[in-house]
Amino acid sequence: MIDKNNRIPFDEDNYTHNIQRNNERMLDRRGFMKTLVGAAGLFAVSSLPWGAVAAKELMGLADKEYPKMKIADVRSVAVGDSVKFAFPSEHDSALLIRLGENKFVAYQNACTHLRCPVFWVKEEGEMICPCHHGKFDVNTGAPTAGPPRRPLPEIQVKVENGVIYAVRVKRYEA
């Protein structure tokens, strides 16, 4: 654009004449990388307390005992049958299976692969995860087929005065 005196109205003849460079912050590659590393370091340091809390919680869960909770009366569960219940909290679904006259096993029934529910199939004598055809040994909770690689967390049970109680979660975090 040329004014009426036939000259350019600013000192430079480029398109950046309106940028006030002295008020700009310069950020080159080195400055950007320093900022990025600083932000990553700040994030890492700020997440340390949560990591410590998680580690402390996991170390304390190996054989954590909870207040015993009634699952069912012995006479209401026939040999070969199962009972669904929640332990240690109402959000932790579990499964009790009566294998013999005096033999009970219980496991948290969330598959260790992708947390799909695990079901007891009495006719086949197997615990099955239908999501990816995972199977678990009913006596140990160990995976026998499919993608799961870790056993189901065992819930230890106790029978007192004809009542089956859940008392402890045994986790396999090692």
Side-chain angles (χ1 to χ4, degrees), residues 35-174:
T35 303
L36 189 65
V37 169
L42 182 65
F43 177 74
V45 169
S46 68
S47 65
L48 282 176
W50 298 112
V53 168
K56 182 179 176 185
E57 183 67 22
L58 284 175
M59 287 173 18
L61 287 178
D63 283 321
K64 187 171 183 180
E65 205 157 322
Y66 299 92
K68 70 180 181 179
M69 188 192 85
K70 179 181 177 180
I71 300 172
D73 293 323
V74 172
R75 65 180 177 273
S76 68
V77 184
V79 174
D81 284 352
S82 67
V83 175
K84 289 178 83 173
F85 65 102
F87 185 80
S89 76
E90 63 186 48
H91 304 291
D92 296 309
S93 182
L95 194 63
L96 169 80
I97 304 167
R98 186 171 188 179
L99 297 176
E101 194 59 38
N102 295 315
K103 185 172 182 183
F104 299 91
V105 294
Y107 302 99
Q108 288 186 338
N109 73 335
C111 180
T112 55
H113 176 233
L114 289 177
R115 310 244 343 127
C116 291
V118 175
F119 299 96
W120 167 244
V121 181
K122 181 178 178 178
E123 298 76 26
E124 298 176 22
E126 294 179 320
M127 296 175 68
I128 296 177
C129 173
C131 293
H132 300 102
H133 308 290
K135 294 183 180 182
F136 295 90
D137 183 340
V138 70
N139 292 299
T140 64
T144 58
R149 298 287 174 247
R150 292 174 290 138
L152 293 170
E154 178 185 358
I155 297 174
Q156 294 178 346
V157 295
K158 183 187 281 187
V159 178
E160 292 178 352
N161 301 323
V163 178
I164 308 162
Y165 294 98
V167 294
R168 175 181 297 153
V169 177
K170 183 175 182 182
R171 300 190 190 268
Y172 306 96
E173 306 290 350

Backbone N/O of [Y] and side chain of [X]: donor-acceptor pair under 3.5 Å:
X: Y165; Y: K68; value: no
X: T112; Y: R150; value: yes
X: W120; Y: L96; value: no

When rounded to the nearest 0.5 angstrom, what distance separates [atom1] in [X] from [atom2] in [Y]?
X: E160; Y: K158; atom1: CD; atom2: NZ; result: 5.0 Å
X: M127; Y: L95; atom1: CE; atom2: CG; result: 5.5 Å
X: F104; Y: I97; atom1: CZ; atom2: CD1; result: 12.0 Å

Do [X] and [Y] have side chains that get closer than 4.5 Å, going by heavy atoms?
X: I71; Y: F87; answer: no
X: V118; Y: Y107; answer: no
X: Q108; Y: I155; answer: yes
X: D81; Y: K122; answer: yes

Revision key, fill the gap. In short, side-chain hydrogen bond (donor to acceptor under 3.5 Å, both in side chains) pairs touching residues 96-106 with sequence neighbours left out are R98-E101, K103-N139
Can you give me the closest heavy-atom contact between [X] and [Y], atom names plus distance?
X: F85; Y: A166; answer: CE1-CB, 4.1 Å
X: A106; Y: V157; answer: CB-CG1, 3.8 Å
X: P151; Y: A142; answer: CB-CA, 3.8 Å
X: L152; Y: C111; answer: CD2-CA, 4.2 Å
X: P148; Y: G146; answer: CD-C, 3.2 Å

Practice item. Would you please say whether a donor-acceptor pair under 3.5 Å links the side chains of N109 and S93? Key: yes
Review point. SG of C131 to SG of C116, below 2.5 Å?
Key: yes
Revision key, fill the gap. Of N161, V163, I164, the one forming a side chain to side chain contact (heavy atoms under 4.5 Å, CB included) with D73 is V163
